[in-house]
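In what follows, chains carry the letters A, B, and so on, assigned in the order in which the sequence lines appear, proteins first and then strands, with residues in each chain numbered from 1.
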Amino acid sequence: MQENYPFQGIEKKWQNFWDDNGVFNTDLATAENPYYCLMMFPYPSGKLHVGHGRNYIIGDAVARYKKMQGFDVFTPMGWDSFGLPAENAAIKTGTPPAEYTAANIVTMKEQLRAWGCMYDWDKEVTSCMPDYYKWTQWLFLQFYKQGLAYKKNSNVNWCPSCATVLANEQVVDGVCERCDSEVDQKSMDQWFFKITAYAQRLLDDLDTLDGWPTRVKTMQKNWIGRSEGAEINFPVVPREDGAGDNIDHVACYTTRVDTIHGCTYMALAPEHPELKNLVKGLPQEAAVLEFIKASSKLTNLDREADEVEKEGRFTGRYLVNPYTGEKIELWVGNYVLMYGTGAVMAVPAHDHRDFAFAKKYDLPIKLSIQNPEGSLVLDEMEDAFTEDGTCVDSGPFSGIDNREAIKQMTAHAEEQSFGKGKINFRLRDWLISRQRYWGAPIPMVYCDSCGVVPEKEENLPILLPTDVKFKAEGESPLKSSEAFMNCECPKCGGAATRESDTMDTFVDSSWYFLRYLSAQDSAQAIDAATANKWMPVDQYIGGIEHAILHLLYARFFTKAIKDLGLIDFDEPFKHLFTQGMICKKGPDGNLHKMSKSKGNVVSPEELLEKYGADTVRLYTLFIGPPEKEAEWQDTGVEGASRFLKRIWRRISENHDILCGAGIPACPSTPGAEQAGRPAPLDVSTMADPDRDLYRKTNETIQHITRGLDGAFTFNTAIAAIMELMNAIDHLKISDESSDSAKGVFRDAIENVVLLISPFAPHIAEELWVELGHAPGVMNADWPLVNEEALKRDEIEMVVQVNGKVRDKIKVASSASKEEIEAAALAAEKVQQWLEGKTIRKIIVVPGRLVNIAVS
RNA sequence: GGGCGAGUGGUGAAAUUGGUAUACACGCGAGAUUUAGGUUCUCGUGCCUAACAGCGUGCGGGUUCGAGUCCCGCCUCGCCCA
C-alpha cells in the first residue's frame with residue numbers, strides 16, 4: 001500500500017468504477033424501497049464555482065448515505081437551460097444559444113463528475129431540448145383548456161435592460177432580480193397562469209409540509225398574503241353641474257371596516273379606470289390629469305416607500321360614507337396602487353399614511369377607535385393609532401370591541417346591500433409571456449376568422465426557429481422569422497400567425513422533477529404509475545433564494561397537474577432543505593456571496609488539482625451548519641486535506657496489523673458482506689483501553705446516524721469522525737498489542753472508512769479495498785450501533801455547590817441516588833465548600849451531576 | 001413599522017434541547033524529527049491571577065438548585081412582508 005494519499009490517481013479511477021457499474025442508475029419500475037433525492041437543477045451558465053458545489057455535495061452525501069441505509073435512491077440531474085444569459089451571449093458573440101448551452105452543459109457535467117457527484121444520467125432532462133419543451137407546451141395547452149392559462153391586457157413590470165416583462169415574483173425591491181435595473185410599468189397583452197385560483201390551497205397545504213423549514217413556509221404565507229376584509233361601496237354624489245356620468249358608486253376594499261366611521265375621504269389610485277371619467281369637465285380635471293402623468297413616472301416601490309412624500313389632488317367629486325351618510329371628498333393619491341379595487345378609504349386617525357396625508361392637505365381627522373386605556377385625545381395625536389381598541393363615535397357600533405365590530409359591521413353592509421365580506425390575496429396571477437427568444441414558444445395561434453386558437457397537440461413541439469434576429473428591443477425575436485410566424489389555423493386551416501412570445505423559464509422548472517421519472521417517454525409527459533410511486537420527492541435540496549418563486553410555482557403546477565387527473569398527489573416536495581450561500585471576502589474587503597461580479601470566486605479546478613475532490617467535499621461539509629451562510633477560508637481546506645492524509649497514513653502504517661492473520665472477526669471482516677452483518681465484537685473480554693475505543697466507535701456511529709437522520713449536521717458528523725481518529729491514535733496499537741486490541745482497532749478503522757464514505761467517497765472506496773473488501777463501499781451496510789458497547793460500569797459525575805462545579809466523582813453506573821449523594825458529600829473539595837454551611841437541597845441528575853444547594 | 005432568525009475565544013464553530021460553556025478544526029506558541037523550508041508527531045492556547053479564588057455566551061432585569069438555552073425590556077445584524 002502506498003505511503004502517501006494518492007488522491008490524483010484514485011479519484012478518476014473510482015468515478016469510472018461508479019459509472020461502469022451503473023451504481024447510480026436506478027430501475028424506477030422494480031425499486032422496492034424508493035427514495036427520491038433531488039437537487040435543484042442548475043442553469044448552464046458556464047462554470048461552477050465552489051459556492052455552487054455546496055448544493056451538489058450535500059445532495060450527493062445524502063444520496064450515498066441513504067443508499068448505504070438500503071434505500072433505492074434515485075438522484076437525477078438536468079439543466080434549466082432556457083433563459084437570458086444564452087440569448088445575451090448570442091447578441092454579444094453571435095454564438096447560437098443552443099450551441100452556447102450545449103457547450104456549458106458539457107463543462108458543468110465534467111465538473112460535477114470531478115467532484116464525485118454522481119447521478120442517474122439516463123434520466124437527464126434538458127429543458128431547452130424539444131423532447132422536453134414539447135411537454136411544457138403540452139401542459140400549457142392543458143392549462144389553457146382548464147382556463148388556467150389566459151391572455152389579458154394589463155399593466156405589467158417591464159425591465160428595460162432585459163427587454164422583457166417580468167412576473168411580480170421577479171421584481172425585488174422595484175428592480176429586476178436578474179440585472180438590477182429599475183422596472184417600469186407598461187400596458188401590454190400578456191399570457192398569465194391563474195395561480196390565484198389555487199391561492200387558498202397553496203396556503204392551506206403549507207401546514208401539511210412538516211419537512212419544510214418554517215422560514216420558507218412563512219415567506220410563502222406572506223407572499224400569498226391572505227387577508228379577510230370587506231368591500232364597501234361608497235355612493236357617488238351627483239355632480240353639481242348636473243352632468244351625468246354612469247358611475248353610481250366607488251368600491252373599496254378594507255381590512256379595517258371597524259374604523260369606517262372615522263373615514264374622512266377616499267383616495268383612488270392614479271390608474272383607477274373611472275378616475276378620468278369622474279373628473280371630466282371639472283375645474284380640477286387639468287390638475288388631476290397632470291398628477292396622473294407625474295405618478296406614472298414613479299415606480300411602485302417609490303410609491304410605497306415611507307421616505308417618498310405622499311401626494312394627491314382633490315378630484316372635485318364627493319362620495320357618501322354608507323355607514324354615516326356623511327359627504328366625504330374623493331382624492332387621487334400616489335400612494336394608492338391599482339391592486340384590487342384601486343381605492344382606499346382613508347381613516348387618518350387609524351392609518352399612518354392617511355394621517356400624514358390628511359395633515360399635509362388639511363383634511364379632517366376623526367377618532368373612531370379608542371385605546372384600551374381610554375386615553376386617546378384627537379387633538380394630541382401625533383400619529384395614527386393602529387392597534388386594537390373599542391369603537392367610539394361609531395353609531396350603533398359604539399362601545400363594541402373593534403375586532404367584533406369588524407364582523408358586525410360587515411354583516412350590516414351585507415344586510416343593507418352596500419358591501420360584503422371578502423377574502424383578499426396579495427398573490428397575483430403569474431405572468432408567463434416573455435418577449436425573448438430562448439424559451440419555449442407559447443403554442444397559440446391567431447386566426448383572423450377564428451381568433452385565438454390553441455395549437456393541435458399532434459403538432460407539438462412548436463420548434464424554436466433558428467433564422468431569427470437577436471436584439472433586445474422589446475419586440476419578440478421570433479417575429480423576425482417568417483417561417484415560424486406564418487402558420488395554418490388549427491381550426492379552419494386558413495392562414496394564421498403564431499404567438500411570438502416565449503414562456504418564462506420558471507414554467508420549465510415547475511415540473512422537471514416529474515419529467516425525470518419519464519425522461520425517455522416520447523408518448524406522454526408524465527407516467528402516472530411511476531410518478532405516484534416515487535413522488536413526492538423525499539428530499540429536495542436547493543438555495544434559499546428559491547423560497548418563493550420556484551417553490552411556489554412548482555407547488556402550483558403539482559396541484560394543477562393533479563386536477564388534470566395526471567397524478568394523485570398534490571405537493572411535490574416532502575422534505576425541503578435550503579442550504580446557505582458560500583461567501584468570501586472580496587477585493588473590497590467585504591463579505592459577499594461568491595460570484596463572478598464580486599471577484600471572489602474560488603474555482604474548483606485548482607483545488608481539485610492540489611488537494612483532490614474529497615478534500616473539497618470534506619471542507620465544504622465541515623465549513624459550518626449547511627443551512628447557514630458560510631465564509632470560505634482557504635486555510636480551512638488545508639485542515640480537511642490534513643485529516644484525509646492522516647486517515648490514509650494510519651491505515652498504510654498499520655496495514656499488516658489491520659489485515660494480518662489471527663485478528664478476531666469484526667463487523668466488516670473481508671468477505672463479511674456476502675454473509676450479511678456478522679456478529680458484533682464481544683465486550684466482556686476486552687481490556688479497558690480497548691473497550692473505551694470500542695465504545696467511542698459506537699458512540700460515533702450513533703451520533704452521526706442521529707445527526708444525519710434529523711437534520712443534516714454534516715459539520716458535527718465530520719467532527720465526530722475526527723474525534724474517533726484521535727481516540728484511535730490514543731490506543732497506540734503495535735505488533736505487540738493483543739489480538740483483542742487489534743480487533744477493536746480494525747473495527748474502529750473500518751467504521752471511520754464507512755462513516756466518511758458519503759462525504760469523501762473516493763478515498764473511502766480505495767481504503768475499503770485496501771482493507772480487503774470487494775470494491776463498492778456504498779454497497780456496504782451503514783454501520784449499526786452495538787448497544788452493549790455503549791454501556792459503562794463506572795461513570796463520572798460533576799458535583800456542584802450552589803451551581804458551581806467543585807469536584808468530580810466516579811460512581812458505579814448502577815449506583816442509587818442515595819449512594820451518589822453520599823459519594824458527592826464525601827468528595828474532598830466539596831467538603832471544603834460545605835464547611836459551616838447548611839445543606840438545603842441536593843439535586844441528583846442521573847448520569848450527569850449532583851448539585852448541593854447550601855445557605 | 002410588522003414577522004421570523006441570529007449575536008458564544010484571535011477565526012469557522014460545538015453544546016445530548018434547562019445540567020461540566022468553548023467539542024472539532026483553523027490560527028498562534030513551545031518542543032521533537034529533519035542539513036534547511038515544508039511535512040509529520042507531542043504539548044499548550046477564553047480573560048485575570050504567582051497560586052487559590054474570581055470573571056466570562058450582545059446589554060439590563062427575571063424565573064430556577066442550576067440559564068448560551070426559558071420569560072420581560074433594550075441594542076446590533078440578516079432575511080421576508082409593509
Gap between atoms [atom1] and [atom2], on [X] and [N] respectively (whole Å):
X	N	atom1	atom2	answer
Y619(A)	C26(B)	OH	P	11 Å
L621(A)	C24(B)	CG	P	20 Å
K829(A)	A53(B)	NZ	C1'	13 Å
N222(A)	C80(B)	CG	P	11 Å
Y5(A)	U39(B)	OH	C1'	17 Å
M725(A)	U40(B)	CE	C1'	13 Å

> Would you say the side-chain atoms of D354(A) pair up with the backbone N or O of V347(A), donor to acceptor, closer than 3.5 Å?
Replying inline: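 Yes: the side chain of D354(A) pairs with the backbone of V347(A).
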>> Keeping N715(A) on the side-chain end and I623(A) on the backbone end, is there a donor-acceptor pair under 3.5 Å?
In response: no
> What do the steps show when you test Y619(A) against E638(A) for side chain to side chain donor-acceptor pair (under 3.5 Å), and what is the final call?
Replying inline: CA-CA 9 Å; Y619(A) 175 61; E638(A) 198 76 47; over 6 Å; no
[X] side-chain proximity, nearest of [options]:
X	options	result
R642(A)	A14(B), A53(B), G27(B)	G27(B)
V845(A)	G19(B), G3(B), U20(B)	G19(B)
I623(A)	U20(B), A14(B), G12(B)	G12(B)
E631(A)	C65(B), C24(B), G12(B)	G12(B)
I548(A)	A25(B), A23(B), C81(B)	C81(B)
T635(A)	C26(B), C80(B), C41(B)	C26(B)
V805(A)	C24(B), C81(B), U20(B)	U20(B)
D729(A)	A15(B), G19(B), U42(B)	U42(B)
Q800(A)	G19(B), C41(B), A15(B)	G19(B)
P625(A)	G54(B), A14(B), G19(B)	A14(B)

> With a 4.0 Å cut-off on heavy atoms, is R840(A) in touch with a base, just the backbone sugar-phosphate, or nothing at all?
Replying inline: nothing
>> Looking at the base of U20(B), is there any donor atom on it, or on the side chain of K808(A), that sits under 3.5 Å from an acceptor on the other one?
In response: yes
> Roughly how far apart, to the nearest Å, are U76(B) and C26(B) at atom P?
Replying inline: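 It comes out at 37 Å once rounded to the nearest Å.
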> Given that M722(A) and E638(A) both sit by RNA chain B, which one's nearest nucleotide is further toward the 5' end?
Replying inline: M722(A)
> Which pair of non-hydrogen atoms, one from F759(A) and one from R617(A), has the smallest distance, and what is that distance?
Replying inline: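 Minimum heavy-atom separation between F759(A) and R617(A): O-NE, 2.8 Å.
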>> Looking at R649(A), I want to see if its CZ is surrounded by more than 12 non-hydrogen atoms of other residues, nucleotides or ligands under 6.0 Å.
In response: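 Yes.
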>> Taking only side-chain N and O atoms of K628(A), does any of them lie within less than 4.0 angstrom of OP1 or OP2 on C79(B)?
In response: no
> Think N715(A) has a side-chain N or O under 4.0 angstrom from the OP1 or OP2 of A14(B)?
Replying inline: yes
> side chain to side chain contact (heavy atoms under 4.5 Å, CB included) with I701(A): which of L724(A), L784(A), V785(A)?
Replying inline: V785(A)
